[in-house]
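One structure is given below, encoded as structure tokens.
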Amino acid sequence: MLRRLLMVILLFTTFDATVLAKTDTASLYADAEQSVYQIRVINKETGKKSSIGSGFIVSKNNILATNYHVVSQYVNDPDVYFLEYLSNSKETGKLELLDLDIVHDLAVVRASKAMGKPLEIDVIPEKGARLFSLGNPLDLGFSIVAGTNNGILKQDEDGNVLFSGSLNAGMSGGPTLNESGKVIGINVATAGNNISFLVPANYLKIILKRLKENNFTPVKDRFAHSSKQLQKSSSNILKKLANNHWGQASIGNFIVPTELDKSVRCWDTSRPPKKEDLFRSFYTRCSNEDDIYLSDQLSIGSINYEYLWLDSEKLNSVRFYRRYEKLNSSALASHAGKRDVTNFACHTAFTKIAEQNFKTTLCRRDYLKYKHLSDILFTTALVGHDKKGFIFNMDITGTDAKAAIDLFQKMLEAFKWHK
Amino acid sequence: MAQVIFETIVRGRCNYYKINHFPTTIGRAFDNDIILSDPSVSPHHLEIDQDENGYFLRNISEENGTLLDQQKMDMLVTSIELPVSLNLGDLKARILSHKTSVAPTRIKSQSKGLFRFLSHPIWVACLFLLTLGLIFFDHYQSVWIEKDLLFYFNQLLPRLFIMLGITLVIASISRLTTHRWEILPALGIASLFFLIPLMLDYLGHFLNYLFTSDVPGDIFRNIAHFLVLPALLMFYMIRVHLTPLLPALGAAILVSSPISAYYLNDQIDQLSTYSGFSPLPSYNQTLSAFDIRIAKSISLADYFKDADRILSKRTNEMLQQQREKE
């Protein structure tokens with residue numbers, strides 16, 4: 001969610017031009033200027049731009065790389081929009097989408113004529129190295145921003161680079177160069193205050209290699225192509241989580257897994273107790289704080305889970321269960337609508353977890369365009385104790401159902417009961 | 001000598017006059033043989049006579065006149081075959097043979113047994129107190145913070161007033177139609193109107209948990225919304241007003257239709273808002289302190305195996321349906 005917000009900021013906020021005039025920056029600027037373009041999504045009916053970003057020439061003189069989120073409107077509604085480039089000399093022309101990597105937010109497009117000199121790709125330099133981000137924010141023209149490489153984000157599954165420089169609106173999809181003028185990353189997002197993120201250029205390299213092998217033939221079924229990438233990525237992440245050494249925490253009479261990975265953060269979200277309360281409750285919420293952008297309304301890849309413990313000495317058991325039942329409801333924080341997903345199908349049964357009885361439900365809905373991707377929601381509530389309640393909710397969006405179920409099972413098997 | 005019965009019908013109630021001698025005069029004036037009080041009847045309105053061939057009528061009203069079997073009568077003597085129906089001005093009447101058979105007696109089986117439960121003061125008091133007790137209990141169960149005792153009564157008062165209001169309305173209607181104040185049965189019906197939905201709710205919840213399914217609760221909720229009110233009204237009309245079954249059913253449906261229409265509208269709204277799509281998962285969320293259930297606990301491995309199979313099948317079916325729509 002956070003990431004998506006940032007991207008929107010990146011696309012639509014006003015550009016605050018910070019052009020650094022250092023000697024090396026000036027020469028880089030001169031060299032790269034002709035290789036960076038503005039990429040625009042244009043509405044066929046009105047002829048007006050709907051979103052803008054940047055792109056750069058790479059591999060061949062008519063091939064441009066950019067972000068998936070820059071061209072996503074076109075990908076989701078190719079009948080409504082088309083893609084266009086705008087050069088520094090205000091020249092425009094149509095672009096054709098060749099390939100995309102939705103997981104790493106990358107897209108490759110082709111122009112109908114030679115556009116300039118392709119930029120070369122290089123490995124990410126050591127931490128602390130100076131980097132230069134280029135882009136075409138709004139109509140303010142070609143800009144260059146200097147900053148520092150702060151290394152690959154460990155808690156981010158994508159392995160994005162933390163760039164301490166000020167990326168601005170419309171620079172999404174532009175290249176970030178090292179001091180020798182080679183591309184090491186693609187501008188993707190900002191959190192403001194000089195905290196920006198880059199996609200490592202080696203992911204672009206993989207797409208370009210695939211395109212070269214196919215003689216630059218455009219991908220036919222974009223959704224099937226993306227589905228495979230998303231499914232594979234999600235399976236890998238969940239398998240990695242399942243095999244990690246997990247953190248543990250005690251909540252009520254249970255010991256449960258907490259941080260499944262460095263990318264997962266857990267917070268205590270318990271309500272502060274009040275004097276007139278007749279029960280006690282404790283919450284722990286964990287989230288991977290990450291998602292993959294599919295469209296303006298839709299993102300996937302979130303992993304959220306929460307533990308809730310409830311007990312009381314003052315309430316009778318009927319009254320306690322009234323309260324407990326009210327808390328036993330789980331929903332998904334997703335904007336997916338009827339154009340995106342099916343309804344949920346759910347299966348409820350009583351299960352044994354850590355020698356205790358639980359009422360357990362698994363719900364699943366599938367994506368309509370992205371085949372074999374599902375949203376999975378799991379919820380289980382302790383039963384059979386007079387004045388003790390425990391609920392575990394977990395949901396994973398845009399995932400492979402089998403991998404999600406395997407993870408749930410492994411987590412539940414790690415639950416322990418202590419008196 | 002054959003006897004003839006003159007029947008007048010005022011607001012559904014019948015009055016009978018036996019005619020022993022002929023000619024007999026009918027009208028509003030006190031020198032008539034049969035005196036009628038209806039103001040649309042003329043002082044001297046109608047004459048009934050007989051000879052060896054049968055009976056005759058003569059309309060002598062020049063004001064509102066007489067309809068014989070819906071045909072306007074002139075001032076001439078008209079021969080009739082019994083029975084005939086008449087309209088004297090606005091007054092409905094019939095002339096019948098004394099041999100006409102009467103409708104079978106309606107047996108007051110309710111005077112003992114079930115009906116006592118609605119009319120005997122002890123029954124009604126129990127029902128009334130039980131209803132108040134359950135409303136109080138229900139409110140008490142759903143408060144989880146420490147409150148003064150008075151707080152728990154705050155749900156009780158409005159419902160008590162509504163209950164007494166309903167009692168008054170029902171009893172007043174009874175007073176108008178049967179000329180009796182049926183306060184106790186009316187209070188009994190008003191109590192049941194609150195008690196039955198609440199009990200159905202509890203029963204539905206219990207069965208939902210017992211069967212791990214939302215179906216019983218849904219059925220009971222629909223019963224509470226659509227059937228309880230008409231059934232209670234029908235029961236009351238049959239038992240207290242001695243209305244026959246079909247008219248009672250018709251009147252009950254008519255009276256409760258605004259409330260049924262409200263619930264129906266609500267359901268249609270819910271269906272059309274999402275037009276079949278819901279972003280919320282629907283699953284059985286009931287939890288019960290008593291943990292009485294048919295399903296036994298199974299192992300996690302078995303559960304996930306079942307769930308995976310069932311959910312794959314159902315999502316596939318939904319995807320298939322979606323593809324067929326497109």
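Every chain is numbered from 1 and lettered A, B, ... according to where its sequence line falls, protein lines coming before strand lines.
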Answer with side chain, backbone, both or neither: which region of A:L362 has an atom nearer than 4.5 Å to a non-hydrogen atom of chain B?
both

Verify the ring-centre separation between B:Y283 and A:F344: is it less than 6.0 angstrom?
no

Below 4.5 Å from any heavy atom of chain B, which atoms of A:N316 appear? Answer side chain, backbone, both or neither.
side chain

Part of A:K387 lying under 4.5 Å from any heavy atom of chain B:
neither

Under 4.5 Å from any heavy atom of chain B, what part of A:K359 do you find: side chain, backbone, both or neither?
side chain

Taking the ring centre of each residue, are A:F320 and A:F279 less than 6.0 Å apart?
no

Top contributor to chain A interface from B:F290, B:Y303, B:F304, B:W144 [non-hydrogen pairs under 4.5 Å]
B:W144

Does the separation of the ring centres of A:H418 and A:F254 fall below 6.0 angstrom?
no

Could you tell me if A:S287 and A:N304 have a donor-acceptor pair between their side chains, going purely by distance under 3.5 Å?
yes

Please look at B:L319 and chain A and tell me whether the side chain, the backbone, both or neither of the residue comes under 4.5 angstrom of a heavy atom of that chain.
both

Under 3.5 Å, is there a donor-acceptor pair linking the side chains of B:S297 and A:N357?
yes

Please flag which part of B:S312 lies under 4.5 Å from any non-hydrogen atom of chain A: side chain, backbone, both or neither.
both

Only pairs of heavy atoms separated by less than 4.5 Å count here; which of B:Q141, B:E146, B:M318, B:Q321 has the most with chain A?
B:Q141

Counting only heavy atoms closer than 4.5 Å, note whether B:D214 contacts chain A via side chain, backbone, both or neither.
neither

Engaged part of B:Q322 at the chain A interface, taking heavy atoms whose separation is under 4.5 Å
side chain

Segment of B:Y140 engaging chain A (4.5 angstrom heavy-atom cut-off):
both

Would you mind checking which part of A:S374 comes under 4.5 Å of any heavy atom in chain B, side chain (CB onward), backbone (N, CA, C, O), both or neither?
neither

Heavy-atom contact with chain B under 4.5 Å, split by part of A:K326
side chain

At a 4.5 Å cut-off on heavy atoms, which part of B:K147 comes close to chain A: side chain, backbone, both, or neither?
neither

Just checking, is any N or O donor in the side chain of A:N253 or A:K388 under 3.5 Å from an acceptor N or O on the other one?
yes

Below 4.0 angstrom, N of the basic side chain to O of the carboxylate: do A:D277 and A:K275 qualify?
no

Is the closest basic N to carboxylate O distance between A:R339 and A:D77 below 4.0 Å?
yes

Measuring centre to centre across the rings, with the benzene-like ring taken for any Trp, is A:Y321 within less than 6.0 Å of B:H205?
no

Against chain A, label B:S213 side chain, backbone, both or neither, depending on which of its atoms sit under 4.5 Å from a heavy atom there.
neither

